[in-house]
Trainee: 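Below is the structure I would like to discuss, written out as structure tokens.
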Amino acid sequence: MIKKFLFSTLIVICSLSTVFAQTKTKETNKLEDPDNLASQYFSQVMGVAVDATSNLKLYKFIYEWIGTPYRFAGNTKKGIDCSAFAKTIYDKVFNTTILRNSRDIFSTVNPLSKDELKEGDLVFFRSNGRTISHVGVYLGDNRFAHASSSRGVVISNLNEPYYSRIFYKGGRILEATKKDFVEE
């Protein structure tokens, strides 16, 4: 009886160690994957869920621009405004040329509500009343990247009281528009 018990216990321990070793190997492989590490890093830095960071090129690009000062009509790392930042992201990350002014950009999108937004969509704001005056690029989890006039290139949350109050609509570039503006 004792032999059977010891033998059964030994089999259970061996089985558990095999399962544990296989799980550990899978976890190690996951951690060693550079794209997975990058996703984890960007999700932590930018406050976005790991599963929302599907476009690493987008997150790497934004990360390189974080902290760039705001400059009206600027379009370089010495200073950039919101529409130039959105235009640069679309050009470098999505290989799509969009217009330069936030109001003009809005005329080329399919308007969306907050709950329809996906990574890479545009978010538009009306801070001065009736006209669109600000644009950013949606990242997921209510976060968006933009060139703030007071803080430069940052990541903000659509649920922050200020942005929640001035949010107008989201937008996705229309396919027909992409073809019109893509440089060949």
Side-chain angles (χ1 to χ4, degrees), residues 27-102 104-106 108-109 112 114-125 127 132-164 166-173 178 181-183:
E27 287 174 7
T28 304
N29 289 342
K30 235 183 197 182
L31 291 175
E32 291 171 0
D33 176 16
D35 286 345
N36 186 47
L37 286 173
S39 287
Q40 290 177 1
Y41 176 74
F42 290 126
S43 71
Q44 288 175 352
V45 168
M46 297 182 185
V48 179
V50 175
D51 61 350
T53 57
S54 63
N55 187 338
L56 286 179
K57 189 174 180 183
L58 172 64
Y59 289 92
K60 287 176 185 175
F61 183 86
I62 291 168
Y63 181 75
E64 291 171 4
W65 282 79
I66 293 287
T68 299
Y70 177 87
R71 180 175 293 150
F72 180 75
N75 62 359
T76 68
K77 286 199 177 177
K78 289 183 179 181
I80 194 163
D81 68 14
C82 64
S83 56
F85 183 60
K87 181 176 177 45
T88 304
I89 287 174
Y90 266 79
D91 181 43
K92 303 294 183 192
V93 175
F94 299 112
N95 296 320
T96 300
T97 301
I98 62 174
L99 299 173
R100 174 65 171 83
N101 175 292
S102 57
D104 294 338
I105 295 169
F106 185 73
T108 66
V109 302
L112 304 168
K114 273 186 194 179
D115 61 336
E116 296 174 295
L117 291 169
K118 293 183 181 172
E119 179 183 77
D121 286 339
L122 295 163
V123 286
F124 297 92
F125 302 87
S127 60
I132 293 168
S133 56
H134 190 61
V135 63
V137 177
Y138 188 72
L139 301 175
D141 287 346
N142 288 310
R143 302 261 186 202
F144 66 103
H146 62 120
S148 160
S149 60
S150 61
R151 299 177 293 152
V153 175
V154 293
I155 305 228
S156 298
N157 191 318
L158 289 172
N159 293 329
E160 291 174 31
Y162 176 72
Y163 293 112
S164 180
I166 67 168
F167 177 79
Y168 177 58
K169 288 194 185 296
R172 191 166 298 141
I173 298 292
K178 283 183 185 178
F181 292 115
V182 173
E183 297 171 359

Trainee: Carefully, step by step, assess Tyr90 and Ile105 under the rule side-chain contact (heavy atoms from CB on, under 4.5 Å).
Mentor: CA-CA 11 Å; Tyr90 266 79; Ile105 295 169; over 6 Å; no

Trainee: Counting N and O atoms only, with roles assigned by atom type, does the side chain of Asn157 sit under 3.5 Å from a partner on the main chain of Asn159, one being a donor and the other an acceptor?
Mentor: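 Yes, because the side chain of Asn157 sits within donor-acceptor range (under 3.5 Å) of the backbone of Asn159.
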
Trainee: What are the two closest heavy atoms between Ser127 and Ile166, and how far apart are they?
Mentor: CB-CD1, 3.9 Å

Trainee: Between Phe144 and Phe167, is the ring centre distance below 6.0 Å?
Mentor: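 No.
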
Trainee: Counting N and O atoms only, with roles assigned by atom type, does the side chain of Asp121 sit under 3.5 Å from a partner on the main chain of Arg172, one being a donor and the other an acceptor?
Mentor: no

Trainee: For Lys57, does its backbone N or O pair with a side-chain atom of Lys92 as donor and acceptor, under 3.5 Å?
Mentor: no

Trainee: Return the minimal non-hydrogen interatomic distance between Ser83 and Ser102, and the atom names on each side.
Mentor: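 Residues Ser83 and Ser102, closest heavy atoms: CB-N, 3.8 Å.
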
Trainee: So, taking the atom named OH in Tyr59 and the one named CG in Leu139, what distance separates them when rounded to the nearest 0.5 Å?
Mentor: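 The CG atom of Leu139 is 4.5 Å from OH of Tyr59, to the nearest 0.5 Å.
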
Trainee: Salt bridge (Lys or Arg N to Asp or Glu O under 4.0 Å): which pairs involve residues 66-79, sequence neighbours left out?
Mentor: none

Trainee: Working to the nearest 0.5 Å, report the span between CD1 of Ile173 and OG1 of Thr108.
Mentor: 4.0 Å

Trainee: Give the C-alpha distance, both sets of side-chain angles, the deciding distance and a yes or no for side-chain contact (heavy atoms from CB on, under 4.5 Å) between Asp81 and Lys87.
Mentor: CA-CA 10 Å; Asp81 68 14; Lys87 181 176 177 45; over 6 Å; no

Trainee: Nearest 0.5 Å, please: how far is CD1 in Ile89 from OG1 in Thr96?
Mentor: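 Between Thr96 OG1 and Ile89 CD1, I get 12.5 Å after rounding to 0.5 Å.
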
Trainee: State the CG-CD1 distance between Asp104 and Ile132, to the nearest 0.5 angstrom.
Mentor: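 So the CG of Asp104 and the CD1 of Ile132 are separated by 10.0 Å.
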
Trainee: Does NZ belonging to Lys114 count more than 12 external heavy atoms closer than 6.0 Å?
Mentor: yes

Trainee: I'd like a table of donor-acceptor pairs (distance under 3.5 Å, sequence neighbours excluded) in which one partner is a side-chain atom from residues 145-153, with atom names and distances.
Mentor:
residue, atom, partner, partner atom, Å
His146, ND1, His134, NE2, 2.8
His146, NE2, Ser156, OG, 2.8
Ser148, OG, Ser150, N, 3.3
Ser148, OG, Ser150, OG, 3.3
Ser148, OG, Arg151, N, 3.2
Arg151, NH2, Ser156, OG, 3.1
Arg151, NH2, Tyr163, OH, 3.4

Trainee: Which heavy atom of Glu119 sits nearest a heavy atom of Leu58, and at what distance?
Mentor: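 Taking Glu119 first and Leu58 second, the nearest heavy atoms are CG-CD2, 3.8 Å.
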
Trainee: Would you check, one step at a time, whether the test side-chain contact (heavy atoms from CB on, under 4.5 Å) holds for Thr88 with Trp65?
Mentor: CA-CA 11 Å; Thr88 304; Trp65 282 79; 4.2 Å; yes

Trainee: Which heavy atom in Leu122 sits nearest to a heavy atom in Leu117, and how many Å separate them?
Mentor: O-CD2, 4.0 Å

Trainee: For a quick test of reading the model, state the closest non-hydrogen atom pair linking Ala84 to Asn75 and the distance between them.
Mentor: CB-CB, 3.9 Å

Trainee: Among Phe125, Phe106, Phe124, which one satisfies ring pair (Phe, Tyr, Trp, His ring centres under 6.0 Å) with Tyr168?
Mentor: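 Filter result, single survivor: Phe106.
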
Trainee: Do any N or O atoms from the side chain of Tyr138 and from the backbone of Gly171 form a donor-acceptor pair under 3.5 angstrom?
Mentor: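 Checked: no pair found.
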
